[in-house]
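One-based numbering, in listed order, for ligands and for the atoms of each.
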Amino acid sequence: MNYYSLNQKAPNTTFEDAVIKGIAPDRGLYFPETITALDPYFFESIETLSNEEIAYEAIKQFISPEIPKDILKSIVSETLNFKFPIVKLTDSISTLELFHGPTMAFKDVGARFMARCLGYFNENNSNEITVLVATSGDTGGAVANGFLGVKGVRVIILYPSGKVSNIQEKQLTTLGRNITALEVEGTFDDCQDMVKKAFLDDELTSKMQLTSANSINVARWLPQLFYFMFAYKQLKNKYDDIVFSVPSGNFGNICAGMIAQKLGLPISHFIASNNDNNVVTRYLKSANYNPKPSVQTISNAMDVGNPSNFIRIQAIYNNDFYSLKSNLSSYSFSDKETKDAMIEVYNSTGYIVDPHGAVGYLGSKSYLTNNPSAHCVFLETAHPTKFLDVVKEVVSDDIPLPKQIKSVIDKVKVATPINNYLEFKAFLSQL
Ligand SMILES: *Cc1c(COP(=O)(O)O)cnc(C)c1O
């Protein structure tokens, strides 16, 4: 599959090149040249297929011929070696649990898939690739874990000091080997700016091959379309009108869901559920896209002021505001509403949602007010124990820690403090 740059000022290129570059030379995001719908029979009979079979069929057009069939099959099955269960909460609301991977965040799938693709492309290459990642919390851990030990690839993670949860910090600072954590005195936006600056810095890029493992990278972004198919497989015989509520930050996950819909997944509508970082909620009301600096919330992985994937969503809808609006609703919720929702779900069902899932739950409820016949599935994007401080405020019971969390909690953090771009550049230059 070839990819074009959404800025339209760079040559089209292969999947391999798009993964290795991360972003096009004109700073545009890569987008597939074509999206071919799958045979309707694939969806009619989806419950007879394994998750690996579904994922392989859905992704192959975007990857082949650069990765041969057998290798792609094993990449897919190594990526998906955990469960994606649906839990029904009410007659109209279910949740899709995406937190059963090694770092208990949905980003595990994209990170594991991308790491394996890059590992394959770099197998016979003597040049090391340096992956730069800015994280507001979960990306860092998932990428660190996914890339650990991948030959020829080193990973540099930038995270905002004091603004990620204790467990998130442990997950990204304790692995060692080819993974390095930089603790930035500043916000997530500062981390992201430093990464962007490095990509534009000819002095660095002439010496080293830099790429990104944020969802701007097609190999991180596209595999997220699997989730929507796995949910449909479990629900198609129970409900006619399935709607997804996606807790959104950079809008990579929901945008991958829209690609699944383009492939023919029979889904009627999407809900982008936001915290106070609500540029898309405001856009759908006013038709004005007006990004603002991010504000800190308890659903920190969604604290994004200017979602990088929104431009891909606009490409899917040919920049037509009304056609987008007919397929997408968006609501935004405060921290107070989010905590109240965590209490409400817990008291009425016994289920503990994390703050991100709670925003997704609230989006489902808002949508159902005017669309009572829909069945809403909100994506539970992280395990609640990753946000223990918040969860303990609302849930009185002791919550057992899963093994993935227990295994990092007593490890010793190793991180290099970085105060500004010059220090970051100096660090990269001495590698
Ligand atoms: C990254 C993340 C999100 C937001 O996903 P996007 O693809 O950036 O919209 C939501 N919840 C959690 C827990 C995350 O880690």
Over 12 foreign heavy atoms within 6.0 Å of NZ, Lys262: no
More than 12 heavy atoms from other groups under 6.0 Å of CD on Glu78: yes
Lys/Arg N to Asp/Glu carboxylate O, Lys21 vs Asp17, below 4.0 Å: yes
Lys413 and Glu169 ion-paired at < 4.0 Å: yes
Under 4.0 Å from ligand 1 - residues by heavy atom, chain and number: Phe106, Lys107, Asp138, Pro247, Ser248, Gly249, Asn250, Phe251, Gly252, Asn253, Ala301, Met302, His356, Thr381, Ala382
Pairs meeting criterion ring-ring contact (aromatic ring centres under 6.0 Å, His included) with involvement of residues 274-296, two or more places apart: Tyr283-Tyr289, Tyr283-Phe310, Tyr283-Phe321, Tyr289-Phe310
Gly305 backbone acceptor or donor facing Lys292 side chain under 3.5 Å: no
